[in-house]
S.K.: 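Below you'll find the structure I mean.
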2 protein chains.
Amino acid sequence: MARTPQKRTLETRARLVAVAQDIVARNGFEALRVEDVVQVAGVAKGTFFAHFRDKDALMDRLIGARLDAEIDAMVAAPPPRDLAQMVDRLVPLLTFMTSERYVFDVILRYSGAAAREEIGAIATTFGRQIEVFIGWIEGGDFRRDVPAAILAEGVQAFAVQVMALRFCALHGGNGLRDPLSTYLAAWLSPPQPSA
Amino acid sequence: MARTPQKRTLETRARLVAVAQDIVARNGFEALRVEDVVQVAGVAKGTFFAHFRDKDALMDRLIGARLDAEIDAMVAAPPPRDLAQMVDRLVPLLTFMTSERYVFDVILRYSGAAAREEIGAIATTFGRQIEVFIGWIEGGDFRRDVPAAILAEGVQAFAVQVMALRFCALHGGNGLRDPLSTYLAAWLSPPQPSA
DNA sequence: CAAGATAATTGACCGTGGTCAATAGTGTAA
DNA sequence: TTACACTATTGACCACGGTCAATTATCTTG
């Protein structure tokens, strides 16, 4: 089914990705232009679209790689024992996700595998996140009356909520930490005996 | 500061909106093209952008109006006394929001007031939602250990989560009701004595 | 009403993502 | 090496959102 790709193909694709990464490193994701990529890479425009379905497919790959690196770092650190630590572990990931409005939008759009298409890099990292959260929740002092998988999905939902708040004029740019702590305290704390 | 708008202006804007609504009614939001709108309305393209900052500003208005109507219906119905009823009240709103992938994306992008710009129609309806949820939560049999405002924002976060899931190939098109019930049960239920 | 000021409208033009029929390159078998 | 099938590349072209200097309509004031 899948033919062996030619050496030339792999070189071209690698060059496109390398050039794109370079442009992003210099000017950010939002500033990336397909025309710039192909011009610097020295190929025609059509070549780009022979390698990537559309511009977003390249973005999915670039942003997905960065998300993967953030999750690697999350996993490398010791698992959080309590809520404050969990928030600490999350902040770097959420900081990258909100580094640009454009990046956040792309991530939201591709965080679920697009229907009937293959699952993309960003969507894969969202699956990874859930796995990591489940591990954290099972290993820490959190509520047990709800399955860890549901709790993990809730953590993701609140993370998105907090990130969206960051781009909101009303609840303007106050940090990620405080609102996330508030939500997760209410979501993850074991039922209090008194209160 | 604000000049009185000319009669002509109001007519032109009304015509643009009417034509756009008609196109949306026929072919959906995604199919709307600015060029079609101006062509049918009988004005030049530049005129459109003298009335709306960009295409999204028109979308914000059209979608915002629909959201407002859904919220009106939500408010008109008797407030929910329990979780199942709350989910019932929410489903029509969420169904509209997920009627098109494109609509959902626009809503997400504009659900928070865009930084430093005026608050838009969609963002306003998200504020309304919170108010409605607060009222529901205060009037029903839900947990009291967390401020109603926080609980309301959580309801919104879970609603977004459930809608996003709908467009996800993995957890494919299963309804809104079940996952939403699961999340909200864990989020809103008063702490159980046993279990 | 005339003249000037302000606001609305026009449409040629641009930027940029994306398409596709034609062409060139690559691997393979005789 | 030649012939052939298949793959990769090309670049002119299109779609569509958005811009702006020039033009036209409307309002105001004497």
S.K.: Rounded to whole angstroms, how far apart are NZ on B:Lys7 and P on C:dT6?
M.R.: 23 Å

S.K.: Return yes when atom CZ of A:Arg15 has more than 12 non-hydrogen atoms of other residues, nucleotides or ligands closer than 6.0 Å, and no otherwise.
M.R.: yes

S.K.: Measure from CG on A:Leu58 to C1' on C:dG17 and round the result to the nearest Å.
M.R.: 13 Å

S.K.: In whole Å, I'd like the distance from the CZ atom of B:Arg13 to the C1' atom of C:dT9.
M.R.: 14 Å

S.K.: If only side-chain N and O atoms of A:Arg33 are considered, is one of them under 4.0 Å from the OP1 or OP2 phosphate oxygen of C:dT16?
M.R.: yes

S.K.: Which class fits the ring pair A:Tyr183 and A:Phe158: parallel under 30°, tilted 30 to 60°, perpendicular over 60°?
M.R.: parallel

S.K.: B:Ala50 side chain: which of D:dG18, C:dT9, D:dT9 is closest?
M.R.: C:dT9

S.K.: For B:Gln161 and A:Gln156, indicate whether the former's side chain and the latter's backbone hold a donor-acceptor pair under 3.5 Å.
M.R.: no

S.K.: Both A:Lys45 and B:Gly46 contact DNA chain D. Taking the nearest nucleotide for each, which residue is further toward the 5' end?
M.R.: A:Lys45

S.K.: Where the side chain of A:Arg8 is defined as all heavy atoms beyond and including C-beta, which of C:dT19, D:dG18, D:dT7 is the nearest nucleotide?
M.R.: D:dT7

S.K.: B:Gln39 CD to D:dA15 C1': how many Å, rounded?
M.R.: 15 Å

S.K.: In whole angstrom, give the distance that lies between atom CZ of A:Arg53 and atom C1' of C:dG17.
M.R.: 15 Å

S.K.: What's the closest nucleotide to the B:Glu35 side chain, out of D:dG17, C:dG17, C:dT9?
M.R.: D:dG17

S.K.: Measure from the side chain of B:Ala44, starting at C-beta and using heavy atoms only, and say which of C:dG11, D:dT19, C:dT9 lies closest.
M.R.: C:dG11

S.K.: OP1 or OP2 of C:dA7 versus the side-chain N and O atoms of B:Thr9: is any pair under 4.0 Å?
M.R.: no

S.K.: Could you walk me through whether B:Asp72 and B:Arg128 pass the side chain to side chain contact (heavy atoms under 4.5 Å, CB included) check?
M.R.: CA-CA 10 Å; B:Asp72 288 344; B:Arg128 268 191 89 195; 2.9 Å; yes

S.K.: Tell me: CG of B:Asp56 to P of D:dG18, nearest whole Å?
M.R.: 7 Å

S.K.: Determine whether any donor atom in the side chain of B:Lys55 lies under 3.5 Å from an acceptor atom in the base of D:dG18, or the reverse, and answer yes or no.
M.R.: no

S.K.: Tell me whether the side-chain N/O atoms of A:Thr47 come closer than 4.0 Å to OP1 or OP2 in D:dA8.
M.R.: no

S.K.: In whole angstrom, give the distance that lies between atom CG of A:Leu16 and atom P of D:dT9.
M.R.: 9 Å

S.K.: Does the A:Arg89 side chain pair with the main chain of A:Ala73, one donor and one acceptor, at a distance under 3.5 Å?
M.R.: no

S.K.: OP1 or OP2 of D:dA8 less than 4.0 angstrom from a side-chain nitrogen or oxygen of A:Thr12, does that happen here?
M.R.: no

S.K.: Give the nucleotide from the list D:dG18, C:dG17, C:dT10 with an atom nearest to the side chain of A:Val34.
M.R.: C:dG17

S.K.: Taking CG from B:Asp54 and C1' from D:dC20, how many angstroms apart are they, rounded to a whole number?
M.R.: 17 Å

